[in-house]
Enquirer: 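This is the structure I have questions about; it appears just below.
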Number of protein chains: 2
Amino acid sequence: MTVPLDTEPTPTRGKRPKQGEPVIDRALSLLAVFSDRRRALTLSELARHAGMPAPTALRLIARLVAWGALERLDDGRYVVGVRLWEVASLSPRGHGVREIALPYLEDLFEVTRHHVLLAVRDNEEAVLIERLSSKDATEVAYRVGGRAPLRSTAVGLVLLAGADQQFQEATLRKPPENEPGVESMPEGQLRRTLSDVRRTGIAMIRRSHPSKTVSVASPVFDAQGSVVAALSIVVPDGSTPPNVLAPAVRATARAVSRNLGHLAEVSPDVRTHSEG
Amino acid sequence: MTVPLDTEPTPTRGKRPKQGEPVIDRALSLLAVFSDRRRALTLSELARHAGMPAPTALRLIARLVAWGALERLDDGRYVVGVRLWEVASLSPRGHGVREIALPYLEDLFEVTRHHVLLAVRDNEEAVLIERLSSKDATEVAYRVGGRAPLRSTAVGLVLLAGADQQFQEATLRKPPENEPGVESMPEGQLRRTLSDVRRTGIAMIRRSHPSKTVSVASPVFDAQGSVVAALSIVVPDGSTPPNVLAPAVRATARAVSRNLGHLAEVSPDVRTHSEG
DNA sequence: CAGCGTTCTTTCATTGGTTGGAATAGTATT
DNA sequence: AATACTATTCCAACCAATGAAAGAACGCTG
């Protein structure tokens, strides 16, 4: 009788050593691979950086491309798609404040001809929403869509000073991470600084890193009185003195706040006494 | 003998009448619910518009919120998040061209003080990437992030004229959908118009809908010579004549094209004869 | 303040969409 | 021609995803 060949009855196909995370998280982690330095990526690069096998990445990417979250270039690489940009433009804290603030940012820019920045806070960092720069302006560290630390930038200090108490305490307790070009503040001084920012509506920081600059920032409030954004101007150190810039920055920030419903007229039923 | 009670032995739990589409498609369809008119939505609104049960929507939304694609407001509603906006800002055809073009758009805007638009094509529509408008400018139909038809807008005609032959033919064969304020062009005239646009680098359209305006658009080319965007100016009908605007629009579009690598200097090895 | 409708959230048995190793095809480099 | 890498197709196993049901939490009304 023929001895049955010792062929493995269970083909190794389909053996899944370990299962991963939810599908959406994987898809989003693919999107997260893109960055300022990585704007166009191949399949294998995406798979590698997102930590998943190529076939899995390909399948997910195919869905994202079909929807328009990603687009495929002629050379086979993938980039972030216009459809995603379109949905993202509905982000109230992204394009939303930007749209309202832009005319006033432009006014400030026209008058000063220096960098004008608008930023919001996302968790423990500031995200740059808009930046106006003349072609011949000094170098500046951050780009639109990029992130900046809260503790060592003018907009960051404004956003931190305007954050809820709980978040501020958590941030203050964390060890300050050193950034090149700015000396990190000890906790006590930082507390005093934040208090000053709240009182004066102005934050000021000197940097030396990409170039020697002075930044002056001021908070933007919404209708509820929360700090939703920070507006700043960045000038070469030694040019216009900060105390000259401060009023212009504050006035611009107030103008934006007003358009967001802050300082709005009171509701009709309590508008005047004569109506009672 | 006791007749066994007709209790269903299979608890109705877990009965899944029909299975839906892939998870990612569902998640993306949730994002797609957001629009200009719907910037903040409740769970049930999202579930309803995306066509899925509330629990499913909630589970997906939870993931999206955890990543930052969505954010939850104090009142429980959801909005598009800054994190998504941040990734989207890496879109070459979205924020990419916008960033390069903005200074030149501003120049044109400063000189003319009229609406200046920048748009790219996404499938069968134009997507508005940037719009500069003075506060007192005439009303204009489209907002940044919004979509406009190809056949009845100046930027649309430019993008259509610059599209690949195959796409153009497919579009021309489709019946023209009437838009208010512009008379739709018969196919023959449209063909001639597109040809003219290609030859002259200018498209012109008169509208009457939101207000009486004239739009003049010109193509923006990339390094490969493809039309990647369209730049236009919108003025009140009867003000500056189109033939006066055309050179300024063309010049601005060429300036942007040049910065995208179009019309770049030839490669070093064939730069001059004197080197041979 | 009970009653009612709506929205939000948690639970859980079921199962079909998801998975990734292997094989194949395609492309660039040596 | 060989090597190395990337992209794509295939498919059986299986676990993450699913949604009815029930409960919790509001908001509104009489």
Side-chain angles (χ1 to χ4, degrees), chain A residues 6-31 33-34 38-67 69-79 81, chain B residues 6-34 38-67 69-79:
Chain A
D6 197 19
T7 58
E8 54 270 274
T10 58
T12 338
R13 282 289 186 82
K15 210 198 83 188
R16 186 168 17 170
K18 69 157 204 264
Q19 195 81 8
E21 30 176 358
V23 206
I24 303 190
D25 289 16
R26 293 174 165 230
L28 292 173
S29 77
L30 282 170
L31 292 184
V33 173
F34 290 90
R38 308 178 184 284
R39 290 174 186 242
L41 296 161
T42 65
L43 169 63
S44 44
E45 284 172 330
L46 278 163
R48 199 168 27 253
H49 288 106
M52 63 180 79
T56 301
L58 181 63
R59 202 166 355 97
L60 301 183
I61 290 170
R63 298 247 94 78
L64 294 171
V65 169
W67 188 79
L70 298 181
E71 292 173 6
R72 190 159 201 195
L73 301 179
D74 294 334
D75 62 6
R77 291 183 304 168
Y78 298 92
V79 295
Chain B
D6 198 19
T7 58
E8 52 271 274
T10 56
T12 340
R13 281 291 183 80
K15 209 200 83 189
R16 184 169 19 172
K18 68 155 203 267
Q19 194 82 8
E21 28 175 0
V23 205
I24 303 190
D25 290 15
R26 292 173 166 229
L28 293 173
S29 77
L30 282 170
L31 292 183
V33 173
F34 290 90
R38 308 178 184 283
R39 289 173 187 246
L41 297 159
T42 66
L43 169 63
S44 45
E45 286 172 329
L46 278 163
R48 198 166 30 251
H49 287 106
M52 65 180 80
T56 300
L58 180 64
R59 200 164 358 96
L60 301 182
I61 289 170
R63 297 248 91 80
L64 294 171
V65 170
W67 189 80
L70 297 181
E71 291 172 7
R72 190 160 202 195
L73 301 178
D74 293 335
D75 62 7
R77 291 183 303 167
Y78 298 92
V79 295

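Below, each value reflects all heavy atoms present in this structure, side chains not excepted, and no hydrogens, waters or symmetry copies. Below, chains carry the letters A, B, ... as their sequence lines are ordered, and counting in each starts from 1.
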Enquirer: From B:L70 CG over to B:Y78 OH, what is the distance, rounded to the nearest 0.5 angstrom?
Expert: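 Answer for the CG-OH pair, B:L70 versus B:Y78, is 8.5 Å.
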Enquirer: Please determine, for the side chain of B:P55, which listed nucleotide (D:dA20, C:dG20, C:dT19) has the closest atom?
Expert: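 When the side chain of B:P55 is considered, D:dA20 is the closest of D:dA20, C:dG20, C:dT19.
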Enquirer: Which residue, B:V23 or A:Y78, contacts DNA chain D at a nucleotide closer to its 5' end, judged by nearest heavy atom?
Expert: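 Its nucleotide being nearer the 5' end, the pick is A:Y78.
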Enquirer: Report yes if the side chains of B:M52 and B:L30 come closer than 4.5 Å at any heavy-atom pair, otherwise no.
Expert: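 In short, these two side chains touch, coming nearer than 4.5 Å.
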Enquirer: Any side-chain N or O of A:R59 less than 4.0 Å from the OP1 or OP2 oxygen of C:dT19?
Expert: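 Answer is yes, contact under 4.0 Å.
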Enquirer: Return whichever of A:R48 or B:R63 has its heavy-atom-nearest nucleotide of DNA chain D closer to the 5' end.
Expert: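 Taking each residue's closest nucleotide, the earlier one in sequence belongs to A:R48.
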Enquirer: At less than 4.0 Å, is any side-chain N or O atom of B:R26 found next to OP1 or OP2 of D:dG19? Yes or no.
Expert: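 Yes, because at least one side-chain N or O of B:R26 sits under 4.0 Å from OP1 or OP2 of D:dG19.
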Enquirer: Using a 4.0 Å heavy-atom cut-off to protein, can you give one letter per nucleotide of nucleotides 24-30 of chain C, 5' to 3': B if the base is in contact, S if only the sugar-phosphate is, - if neither?
Expert: -------
Enquirer: State the CD-CG distance between A:E71 and A:L73, to the nearest 0.5 angstrom.
Expert: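 Going from the CD atom of A:E71 to the CG atom of A:L73 covers 8.0 Å.
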Enquirer: Between atom CG in B:D25 and atom P in D:dT18, what is the gap in whole Å?
Expert: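 These atoms are roughly 11 Å apart.
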Enquirer: Between CZ of A:R72 and CG of A:L64, what distance do you get to the nearest 0.5 Å?
Expert: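 Reported to 0.5 Å precision, the distance equals 13.0 Å.
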Enquirer: Rounding to a whole Å, what distance do you find between B:L58:CG and D:dA17:P?
Expert: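 It is 14 Å, rounded to the nearest whole Å.
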Enquirer: I need the B:R38 CZ to B:E45 CD distance, nearest 0.5 Å.
Expert: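 Output value for this atom pair is 7.0 Å.
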Enquirer: Give the minimum heavy-atom separation between B:F34 and B:V79, together with the two atoms involved.
Expert: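 For B:F34 and B:V79, the tightest heavy-atom pair comes out as CE2-CA, 3.8 Å.
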Enquirer: Calculate the interatomic distance between A:I24 atom CD1 and C:dG17 atom P; express it in whole Å.
Expert: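 About 16 Å, once rounded to whole Å.
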Enquirer: Tell me: NE2 of B:H49 to P of C:dT7, nearest whole Å?
Expert: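 Atom NE2 in B:H49 sits about 12 Å away from atom P in C:dT7.
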Enquirer: In whole Å, I'd like the distance from the CG atom of B:D74 to the P atom of D:dC26.
Expert: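 Computing the B:D74:CG to D:dC26:P distance gives 15 Å.
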Enquirer: What's the spacing between B:L46 CG and B:I61 CD1 if we round to 0.5 Å?
Expert: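 B:L46 atom CG to B:I61 atom CD1 measures 4.5 Å (nearest 0.5 Å).
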Enquirer: Give the rounded distance in Å between these two atoms: CG of B:D75 and P of D:dC26.
Expert: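 After rounding, the gap between these two atoms is 14 Å.
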Enquirer: Under 4.0 Å between a side-chain N/O of B:T56 and OP1 or OP2 of D:dT18, yes or no?
Expert: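 Indeed not, no polar side-chain atom of B:T56 lies that close.
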Enquirer: For the pair made of CE in A:M52 and C1' in C:dT19, what is the distance, rounded to whole Å?
Expert: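 These atoms are roughly 12 Å apart.
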Enquirer: Calculate the interatomic distance between A:L43 atom CG and C:dG20 atom P; express it in whole Å.
Expert: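 These atoms are roughly 14 Å apart.
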